[in-house]
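A single structure is presented below for examination.
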Amino acid sequence: MRQLIAFTKKELMEQLRTGKLLLFAIVFCLFGVMNPAIAKLTPWMMELMSEQLAESGMIVSAMEVNDLTSWMQFFKNMPMALIVFLVLFSGILTSEYQKGTLINVVTKGMKRWRIFISKMGVMMVVWTLGCLISHGITFAYNAFFWDNSTAYHVFSAVICFYLLGLWLISVLGMASVFVNSSGAVILLVGIAYVISYLLGMFPAVKEYLPVSLMDSADMLAGTKDIGDYAAAVVVTVVLIVLQIIISVAAFNKKNL
């Protein structure tokens with residue numbers, strides 16, 4: 001356990017030293033601010049464009065925005081934050097392969113599973129903190145401008161998207177075990193998402209797929225609740241655990 005904690009601290013310090021943690025903090029803060037800002041500025045921008053749109057035959061009516069508008073913007077922006085996160089972390093293991101640094105760590109007695117779990121732990125902690133930052137900033141601004149009473153099941157919807165991120169992180173971790181370049185890792189993560197998306201076109205299995213959690217924003221309007229995503233949540237959690245187990249088993253046998 002001491003080795004695991006020590007290696008995890010080393011990983012966090014490495015992310016801090018390279019500036020990635022600062023970059024993540026800026027990105028998630030930026031997305032947190034953008035959600036209410038875009039919602040607040042949209043009527044003003046539409047008013048500025050109303051004359052030009054009127055000349056084109058389009059009539060712009062008065063637009064009312066509230067916390068629901070801001071939360072909907074949250075779920076439009078967060079996928080981009082997730083993509084940035086995955087791209088920046090795509091080399092968390094492959095860069096170690098290329099430098100050969102893991103060989104020295106293993107020969108000194110570090111268990112391979114501890115290395116992998118430390119890497120996964122760092123990614124999951126950063127993703128968790130990032131979601132909390134974006135959610136917290138959006139919630140605070142919404143409370144200031146409005147009263148956070150229009151949108152329903154906000155926390156449940158955010159949890160669903162958070163789990164989707166954890167699933168893709170576990171896919172990234174597993175891909176990092178089998179391939180040796182960050183580009184290939186991102187490609188495999190993209191393929192996993194596309195396969196899940198295509199399977200979602202079949203109504204019989206859609207409710208069980210992780211990708212269905214992307215639609216959790218539907219809960220904000222009160223048309224759905226967490227029960228509608230229960231099956232997807234359970235399957236996603238099971239897949240995360242299975243992928244980590246498979247990754248650890250494969251990493252123990254990988255030629256470093």
Side-chain angles (χ1 to χ4, degrees), residues 12 15-16 19-47 62-89 121-170 172 193 210-234 236-237 240:
L12 287 171
Q15 299 302 322
L16 182 62
K20 283 186 179 181
L21 287 184
L22 178 60
L23 179 58
F24 285 132
I26 293 173
V27 167
F28 284 110
C29 285
L30 178 63
F31 278 100
V33 172
M34 281 174 58
N35 306 316
I38 292 175
K40 197 70 176 176
L41 293 174
T42 296
W44 175 72
M45 290 187 292
M46 294 301 294
E47 184 178 350
M63 178 179 294
E64 180 182 355
V65 297
N66 49 33
D67 61 297
L68 177 59
T69 311
S70 178
W71 284 118
M72 292 299 293
Q73 195 65 46
F74 175 91
F75 285 94
K76 291 179 182 178
N77 290 335
M78 282 303 287
M80 183 59 67
L82 177 57
I83 291 172
V84 172
F85 178 93
L86 293 171
V87 170
L88 290 179
F89 265 121
V122 168
M123 288 192 289
M124 289 184 173
V125 166
V126 175
W127 172 243
T128 301
L129 293 176
C131 288
L132 288 174
I133 289 171
S134 290
H135 177 269
I137 292 175
T138 301
F139 184 90
Y141 272 101
N142 287 353
F144 178 78
F145 289 125
W146 304 287
D147 58 2
N148 276 315
S149 62
T150 306
Y152 299 95
H153 311 297
V154 172
F155 184 72
S156 297
V158 173
I159 287 294
C160 286
F161 183 80
Y162 167 74
L163 285 175
L164 174 67
L166 289 184
W167 172 64
L168 289 174
I169 289 171
S170 67
L172 184 147
Y193 182 85
V211 73
S212 67
L213 297 178
M214 185 69 79
D215 300 328
S216 59
D218 292 342
M219 286 190 277
L220 300 177
T223 56
K224 292 185 177 180
D225 57 37
I226 188 62
D228 296 309
Y229 299 93
V233 167
V234 172
T236 301
V237 171
I240 291 170

### Message
Between F75 and M214, does the side chain to side chain contact (heavy atoms under 4.5 Å, CB included) criterion hold? Intermediate values first, please.
### Response
CA-CA 8 Å; F75 285 94; M214 185 69 79; over 6 Å; no
#### Entry: Check against side chain to side chain contact (heavy atoms under 4.5 Å, CB included), Y229 and D218
CA-CA 11 Å; Y229 299 93; D218 292 342; 3.7 Å; yes
### Between CZ on residue F139 and CZ on residue F155, distance to nearest 0.5 Å
11.5 Å
### Task
For L166, check side-chain contact (heavy atoms from CB on, under 4.5 Å) against everything at least two apart and list the hits.
M124, W127, Y162, L163, I169, I240
### Query
Can V122 and Q15 be said to form a side chain to side chain contact (heavy atoms under 4.5 Å, CB included), step by step?
CA-CA 9 Å; V122 168; Q15 299 302 322; 4.1 Å; yes
### Message
Can you confirm whether S156 sits close enough to D225 that some side-chain heavy atom of one is under 4.5 Å from a side-chain heavy atom of the other?
### Response
no
#### Entry: F85 vs V126 side-chain heavy atoms within contact, under 4.5 Å
yes
### Query
Can you tell me how far the CG atom of D228 sits from the CG atom of D215, to the nearest 0.5 Å?
11.5 Å
### Message
Can you give me the closest heavy-atom contact between F28 and A81, atom names plus distance?
### Response
CE2-CB, 4.0 Å
### Task
Report the C-alpha separation of C160 and M219 in whole Å, then their side-chain angles, then the decisive distance to 0.1 Å, and conclude whether the side chain to side chain contact (heavy atoms under 4.5 Å, CB included) test is met.
CA-CA 10 Å; C160 286; M219 286 190 277; 3.9 Å; yes
### Rounded distance [0.5 Å steps], CZ in F161 versus OG in S134
9.5 Å
### Message
Once rounded to the nearest 0.5 Å, what's the spacing between atom CZ of F74 and atom OG1 of T69?
### Response
15.0 Å
### Summary
To the nearest 0.5 Å, atom NZ of K76 lies from atom CE of M34 at 11.5 Å
### Message
Please find the pair of heavy atoms, one from S216 and one from A157, that lie closest to each other, and give the distance.
### Response
OG-O, 3.1 Å
### Task
Flag yes if more than 12 heavy atoms outside F31 fall under 6.0 Å of its CZ atom; otherwise flag no.
yes
#### Entry: Beyond-backbone contact of T236 with L164, side-chain heavy atoms, under 4.5 angstrom
no
### Summary
Smallest heavy-atom separation, W146 atom then S70 atom, equals CZ3-CB, 3.9 Å
### Query
When you look at CZ of F145, are more than 12 heavy atoms from neighbouring residues, nucleotides or ligands closer to it than 6.0 Å?
yes
### Message
If I compare all heavy atoms of K224 with all of H153, which pair ends up nearest, and what's the gap?
### Response
O-CD2, 3.5 Å
#### Entry: Nearest heavy-atom neighbours spanning N142 and D67
ND2-O, 3.9 Å
### Message
Can you tell me how far apart CG (L88) and CG (L21) are? Round to the nearest 0.5 Å.
### Response
11.0 Å
### Message
What verdict does the side-chain hydrogen bond (donor to acceptor under 3.5 Å, both in side chains) test give for T138 and N35, after you've listed the backbone C-alpha separation in whole Å, the side-chain angles of each residue and the deciding distance to 0.1 Å?
### Response
CA-CA 6 Å; T138 301; N35 306 316; 2.9 Å; yes
### Query
Where do W71 and A151 come nearest, in terms of heavy atoms and distance?
CD1-CB, 3.7 Å
### Query
Between F24 and F89, how do the two ring planes meet: parallel, tilted or perpendicular, split at 30° and 60°?
parallel
